[in-house]
Structure formats: structure tokens, C-alpha cells
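In what follows, a single structure is set out as C-alpha cells and then discussed.
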Amino acid sequence: MRIGELSERTNTSRRLLRYYEEQGLIISDRCANGYRNYDDRLVDRVLQIRGLLDAGLPTRIIKQILPCLDKPRNIYFPDATPEMIATLEHERDRMTERINCLTRNRDAIADYLDAVLVRRDNRPHAAAEASTTS
DNA sequence: TTTCTTACA
DNA sequence: TGTAAGTA
């Protein structure tokens, strides 16, 4: 498929797809006219890259660990250099920290929402609620 | 019409 | 990342 289709299927701009390729995150072959041609499997790969990017990983790290995250991973794991292990452990911890941070902020927002909504429900104009309660 | 590259914000 | 220009 050409870049336009991959773009639609992954909800990723053409600009970004070319950038990912430039960073070595994905590859493509070229048609006679110079147009990029992508394998169907790139759809999942791009989605995975976006997920990693959302998780806060920089593209240079993603480029390193992407091959470690491929499907038939557990069977063959020859890509376990000490450096790679260290990188993965570091990123794993970073993600955990990020998750904790997100959790705290989500809870803070949830608490605020609860307080605001409860107060609103207890207001006098809430006739139904008031009569039922008293 | 779609894609390409390069360059600027 | 988006957008513009000039092509093929």
C-alpha cells in the first residue's frame, strides 16, 4: 500500500510516517515512480510505535527495543545484550513512574468532580432529591 | 490526484 | 509536527 493508505489505516500523518522511516523505525520499498510501498504488516508496527511514543519513549529508544518486542519473541531471544536489558529495565521503570503520576492526577480530578457534583445535587433547587432525603 | 524532497516555523 | 513549493 502507498503512504496515503497507511496514513489512514494508522491515523498517522504522512509527514510522521516519513519521519519514522527517516528515524529507522519502519522501512519501505519504492515503486518505479519513487512512491513508497508499504507491507501490510506495517499497520500494526506503526500502531505499536505510536503506543510507545505515547508511553513517553523517545524514537531513538524505540528503534533499539522494537525488534525485542516482535511477536515470536519468547521463543528466540538472541537479542539480549546487557545494554539492551539495562535499557529495557530503565524504560520499564520510567513507564511505572509515569503510570503512578497519571494515577495521582486522575484521582485528583475524580475527587474534585465528586465534590462538585455532590454539592450540586445537594443544592435546594434539586427538589426531587431534597424531598426524598428529608 | 497523490507522492516526493527540502526547508522553515 | 504542520505546511509550502515545485515536480513527476
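Just so we're on the same page: letters track the sequence lines, and every chain starts at 1. Remember, it's a predicted structure, so these values are computed and weren't measured experimentally.
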Distance in angstrom units between [X] [atom1] and [N] [atom2], rounded:
X	N	atom1	atom2	value
A:I3	B:dT5	CD1	P	9 Å
A:Y19	B:dA7	OH	P	17 Å
A:R30	B:dC4	CZ	P	6 Å
A:R18	B:dT5	CZ	P	7 Å

Pairs in or reaching into residues 5-15 of chain A: which pass salt bridge (charged side-chain N to carboxylate O under 4.0 Å, His left out), with residues at least two apart or in two chains?
-> A:E5-A:R9, A:R9-A:D40
Pairs where residues 80-93 of chain A contributes a residue and the test salt bridge (charged side-chain N to carboxylate O under 4.0 Å, His left out) is met, not counting sequence neighbours = A:E91-A:R94
What closest approach, in Å, do A:Y38 and A:I3 show between heavy atoms, and which atom pair accounts for it?
-> CE1-CA, 3.6 Å
Stepwise side-chain contact (heavy atoms from CB on, under 4.5 Å) test for A:Q64 and A:T87 | CA-CA 9 Å; A:Q64 298 179 196; A:T87 299; 3.9 Å; yes
Do any side-chain atoms of residues 24-37 of chain A form donor-acceptor pairs under 3.5 angstrom with protein atoms, and if so which ones, sequence neighbours left out?
| unit_1 | atom_1 | unit_2 | atom_2 | d |
| --- | --- | --- | --- | --- |
| A:S28 | OG | A:E21 | OE1 | 3.0 |
| A:S28 | OG | A:E21 | OE2 | 3.4 |
| A:D29 | OD2 | A:N37 | ND2 | 3.2 |
| A:R30 | NH1 | A:G34 | O | 2.9 |
| A:N33 | OD1 | A:Y35 | N | 2.9 |
| A:N37 | OD1 | A:M1 | N | 3.4 |

In a table with atom names and distances, give each donor-acceptor pair under 3.5 Å that connects a side chain of residues 101-113 of chain A to protein atoms at least two apart or in another chain.
| unit_1 | atom_1 | unit_2 | atom_2 | d |
| --- | --- | --- | --- | --- |
| A:T103 | OG1 | A:I99 | O | 2.8 |

Between residues 32-40 of chain A and DNA chain B, which residues have a heavy-atom gap below 4.0 Å?
-> A:G34, A:Y35, A:R36
Euclidean distance, A:L16 CG relative to A:L53 CG, rounded to 0.5 Å = 7.5 Å
For A:D54, which residues count as a salt bridge (charged side-chain N to carboxylate O under 4.0 Å, His left out) partner, sequence neighbours excluded?
-> none
Contact check, side chains of A:L57 and A:M95, non-hydrogen atoms, under 4.5 Å = yes
Tell me, do A:L42 and A:L17 make a side-chain contact under 4.5 Å, heavy atoms counted?
-> no
Looking at residues at least two apart in the chain, or sitting in another chain, which of them share a side-chain hydrogen bond (donor to acceptor under 3.5 Å, both in side chains) with A:S7?
-> none
Residues which pass side-chain contact (heavy atoms from CB on, under 4.5 Å) with A:R119, listed by chain and number, not counting sequence neighbours = A:R123
First and last nucleotide of DNA chain C in contact with chain A, 5' to 3', at under 4.0 Å to a heavy atom: what are they?
-> C:dT1 to C:dA8
Between A:L52 and A:I85, is there a shared hydrophobic cluster once you connect ILVMFWY residues whose side-chain heavy atoms come closer than 4.5 Å?
-> no
Nucleic acid contacts - residues 8-16 of chain A versus DNA chain C, non-hydrogen atoms under 4.0 Å | A:S13, A:R15, A:L16
Under the rule of Watson-Crick or G-U wobble with both distances under 3.5 Å, where | means paired to another strand and [ ] a crossing pair, DNA chain C maps to ||||||.|
